Structure formats: structure tokens, C-alpha cells
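One structure below.
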Protein chains: 2
Amino acid sequence: MSTPAKDVPRYIEIRRALAMRIMSGDWRPGHRVPSEHELMEQYGCSRMTVNKALSTLASSGLIVRKRRSGSFVASPHSQTTTIEIHDIRSEIVSGGYEYSYAVLWRRLRNATRQDMSRLAVTGGERVVAVTVVHFASELPFVLEERIISLAAVPEAESEHFVTAPPGSWLLERIPWTQAEHVISAVGAGDVAAAHLGIREGAACLVIERKTWRSGAPVTWVRLTYPGDRHQLVARFAPATQAKASPEPRKAALRGDAS
Amino acid sequence: MSTPAKDVPRYIEIRRALAMRIMSGDWRPGHRVPSEHELMEQYGCSRMTVNKALSTLASSGLIVRKRRSGSFVASPHSQTTTIEIHDIRSEIVSGGYEYSYAVLWRRLRNATRQDMSRLAVTGGERVVAVTVVHFASELPFVLEERIISLAAVPEAESEHFVTAPPGSWLLERIPWTQAEHVISAVGAGDVAAAHLGIREGAACLVIERKTWRSGAPVTWVRLTYPGDRHQLVARFAPATQAKASPEPRKAALRGDAS
DNA sequence: TCGATTCAATTATATATACAAATATTGCGA
DNA sequence: TCGCAATATTTGTATATATAATTGAATCGA
């Protein structure tokens, strides 16, 4: 009945066995898992192998480890889950829709007070503000309002986003970043309602993202999705497998075939 | 100017150095990072140490590794971010509010077709359906609609949730689970509007969660938050430190001091 | 030229070992 | 009994080494 374990490495085998005991409820939160020495005897392998199993279990949050005390089953006081927020283009294309976008307007300006608060800067730098609508097969999919710091991305001064939308364009130039996402629900304002073709006040899923690169603010963006057309999906299972989230599905248009 | 690295382990030091090169844009996506042998010479340490640095970098998604080919800087085609969805009680308490809840109703029934679809089961098992409002200092905070499979949690048959709300009660009994979250924005229905004290049609942030335990469905829950009072916040930084998400903040009431 | 085979580079896993760091427990002395 | 020092346990890190698996590249033969 258990898995035949054809070619799975020792440390994954051990990790799975321990994860099973925990997730089945056999070992309750706070329970002490055997020490590395005990497991080493139990499984007939070296301490380093056991250590790898336990370390990865710990990094996935299933256990906590403490020197001299031992390893203990963690208490899950929160559900942590990984969501993938995709590039809008691939999000639409991979859903089987045809992608297009339109730049509504683009402006160069000195940062307003609002811009500064959004970018989390104090000095009044110059910014590009741009608003774009993305379409999934002619249907308005999301409204993108963006501010780009020219200090961080000087090339943006002369870029009009005719060949690529701001998100993709930036991703090309700012490869790895830190980000903060805020997800909320708001009623559509008049601008959003007009451009998304929805009723004013209709519920929208809003994702705001601030992006830094090595501490320096790069861009702020607000994505407004019509609430009846879009949702975020996230799967989570504690690491029995290698990855923390075995199959994190992307944000999807509603009404897809199950 | 760089960190003095007082007592940081070798492998973290190496990982940081590599992460810096990647995040600064010095090494673009697709760039081949030196092989373990090269890094081993470069840093004057053993291959296992380099391997640990690279493995953890890979598991955090900053690089991808392939045998015989080498390790390459990953292309960030999606922003993955971890959000923590807390136990509602601690969410409210840690925000400095006083927590209370009220069970609106609770029912035992054979699973309706809707119940079955929500729990992702086909057979008509018996379920408990319960609806609860949670308050943050008297203010309605969230509406919880829940279905619990009696096959998975028989004790729920006689539980009326007077000492603990269903979420906490379940967490006590079913600590480790897999879950799927769906986050969306919807206009408040009449029930939600009445119990949350908001206008019908007002935007609400809705989190639906299906929970399994070793493959068997346990519970389904829909949490409806008034959109103007609640948001989800998630921070992400690629692993320069040990953890993938250094400081994931919790869902928060709006209007907190910045 | 094409395909199969061999070779070699690189990562993946595993072992044995050593020492360091943290800290719970024990024991000793005042 | 109280405080402190010694001790032992457990995890954390590092090394040296060995073997396996994967697969790009080169070689060789027809």
C-alpha cells in the first residue's frame, strides 16, 4: 500500500516518512521527533543524510529545530501559501486567449506626493506614469496603473511601450527584485469602470505591487481586475515532495472548463 | 562598504555573493554561474559547501541547475510570493483589537450538491454547515461560511463551537493539511451585507479554502472580508537570507498607522 | 551525412569524520 | 538551598571522498 520507492534518494525517503507521521496527526505539534543519531540508526544511514532530511523539513516549516533540545513538530498557527503572480501577457496567452494591450496615456512628471508615497521615497524624483489596459481576446482583462522611477530606470524616459507593455519591458531590464504585494477588493472607480467595461462600484480584485532593486524603489503598479472575471489560486502542501508548493496554479479567468 | 561577515557560515556567504551578482543584474537571466569546482577553488572551500550554497539558491528559485550543463540564473517570468493567512483570532488580536465571534447557525445535513462540489467529493456524506461572524472590537470583521466533512472529523457532529470558533477548533484536531486557496473579489450578497454591516454589492475580499488531509477532504470555508477594511500583504525577496520570504506580513486591518 | 557509441563535465547523493555552538542537566561547593 | 561550573546532548557547519546519474560533446563507422 505504501509507495514502492523505486529510485527515490534516501533523504527524501526519510523526509517523507517523517512528514507522513506529522501530517497524519500521528505526531502532534510539539511532539519531539527522534534525534539525528536515533534516525541514523533507525534508517541505517549516515548522520549527514538524516541531517539533510531534517534540514529541508525545517526549512519547509514542518518542524523546528533547536540545539541540544532536539527537533519538534511545528505548530501551524498560520496557513502560508504561495501564489504566483504571472506576467500578464503569459497569463492571458496560457489561458488560450489572444493578448493585446493599449497604452491609455503616459506622462513624465516630478513625483507628486502620492507618487512618493507609492514608491516609498521622500525626495521628489522624476517619474514616468503610465496607464495601460490589457485585453484577453478583445475583452478588457486588467487595468494597469504604473509609476516608474527614472532614477532607477533612466531608459524609461524615452520609452513609449509600443512594442512591449511596461511590465514585460521592465522585467527585461530589472531582473531580480524584492517586492511587496497588497491584495484587496475595491469597488471600481469611474476610470476603471469605463476602461474595463464594468459598472461603477463593481467589485474588483486589486493587486498593488511595490518593487525595489537592492533597496532602491523601482516601480509601483496597481492592477485592477474585474472581480467577476478573475481570481488568484494557490495550492499548498507542506514539503513531502521537493517543492513547497507542488502545483501552484496561476491566476485564471473564471469560467474555464473544470 | 560590504558586510563584515562576522560569523556567517561559509555557505551563506557564498550564497549571498552569488545572489548579489544576480539581483544586481550583473548576471542576467540565463547566465551560467560557475560550476561547483570553479567556485570551490574561488572560495577555497570544499565542494560540499559550494553545493549547499547552490542547492539552497536553487530551491529558492534564483537559479536552475542541470546535470552536465551547469547552473544558470533563472528567468523571472512570474512573481511568486508567499502570503500568510492567519488564524482569524490571532489576526485580530495581534492587530490590537478585541476578539469575539458569534455562531449564526449550525446545521447537520447530508451533503447537498453544492456541498459536494465545494468539498470536492462525489458521494453524499454527512456534513456540518456552520456560519460564523468574527468581530474585531465589536466591528464585524469577517463572515465565515464553513462545511466540515463528518467522515473526516466525526467529533464535529456534537460540537457547537461555543468555546472556540470552527477554524481554531479544527486546527486543534487536524493540524497539518494540504489546502487550496482561491482569492477573489465579489460584491456583498444580502446575507454578507447584513451580517457585516455593509452595503449590498459593496466589494468584498473573499478567500475560499478547501482543505485535505492525506487526500481526504476535511473542510471547505469561505471567508468574506469587507473590502474597505481588509487586505492581504505579502513581501518577497529572493533568498539572500535563509528564508524565502524574510518578513511576510499578515493580513491587516486598513487604517493602521504606517 | 547520419546515427550510434563513447567520453567527459557537472550535478546529485551518500558516507565518515571533525569540530563548533548552543543549551539542558548535573553536580559541586559555599 | 542557591549559584555556578562542568558535562553531556543535540544540532550546525565544514571537509574529504566516493559513486551514480544525466547529458552535451566528440568520435567513429557505415
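Bear in mind the structure is a predicted one, so any value in this text is a computation, not a measurement. What you see below is based on every heavy atom in this structure, not just the backbone, and it leaves out hydrogens, waters and symmetry mates.
- Atom pair B:Lys66:NZ and C:dT10:P shows a separation of 14 Å (rounding to whole Å applied).
- Closest-nucleotide positions on DNA chain D for B:Lys52 and B:Met48 were compared, and the one nearer the 5' end corresponds to B:Lys52.
- Between the C1' atom of C:dT13 and the CZ atom of A:Arg10 lies a distance of 11 Å, rounded to the nearest Å.
- For the residue pair A:Arg146 and A:Thr219, a side-chain donor N or O sits within less than 3.5 Å of a side-chain acceptor on the partner.
- In this structure, A:Asn51 atom CG and C:dT17 atom P are separated by 17 Å, rounded to whole Å.
- In terms of the side chain to side chain contact (heavy atoms under 4.5 Å, CB included) criterion, residue partners of B:Arg32 (sequence neighbours excluded) are, by chain and number, B:Ser35, B:Phe72.
- Applying the side chain to side chain contact (heavy atoms under 4.5 Å, CB included) criterion to B:Arg47, with sequence neighbours excluded, gives B:Glu36, B:His37, B:Met40, B:Asn51.
- Defined by atom type and a distance below 3.5 Å, a donor-acceptor pair is present between the side-chain atoms of A:Ser71 and A:Arg65.
- A heavy-atom distance below 4.0 Å to DNA chain C is reached by these residues of residues 30-45 of chain B, ordered by number: B:Arg32, B:Ser35, B:Glu36.
- Partners of B:Tyr43 according to the ring-ring contact (aromatic ring centres under 6.0 Å, His included) rule, which considers only residues two or more places apart in sequence or in another chain, do not exist here.
- When the ring-ring contact (aromatic ring centres under 6.0 Å, His included) test is applied to B:Trp176, no partner is found at least two apart in sequence or on another chain.
- Of all nucleotides in DNA chain D having an atom under 4.0 Å from a heavy atom of chain A, the first and last in 5' to 3' order are D:dA8 to D:dA14.
- B:Arg65 places its CZ atom 17 Å from the P atom of C:dA9, with the value rounded to the nearest Å.
- Note on B:Ser71: a side-chain N or O is less than 4.0 Å away from OP1 or OP2 of C:dT11.
- With sequence neighbours excluded, no residue forms a salt bridge (charged side-chain N to carboxylate O under 4.0 Å, His left out) with B:Arg209.
- Take the nearest nucleotide of DNA chain C for A:Tyr11 and for B:Leu54: the residue whose nucleotide is more 5' is B:Leu54.
- With sequence neighbours left out, A:Arg68 forms a salt bridge (charged side-chain N to carboxylate O under 4.0 Å, His left out) with no residue at all.
- Between B:Arg47 and A:Ser69, the residue anchored closer to the 5' end of DNA chain C is B:Arg47, taking for each the nucleotide with the nearest heavy atom.
- With sequence neighbours left out, the side chain to side chain contact (heavy atoms under 4.5 Å, CB included) criterion links B:Ser75 to B:Pro29, B:His77.
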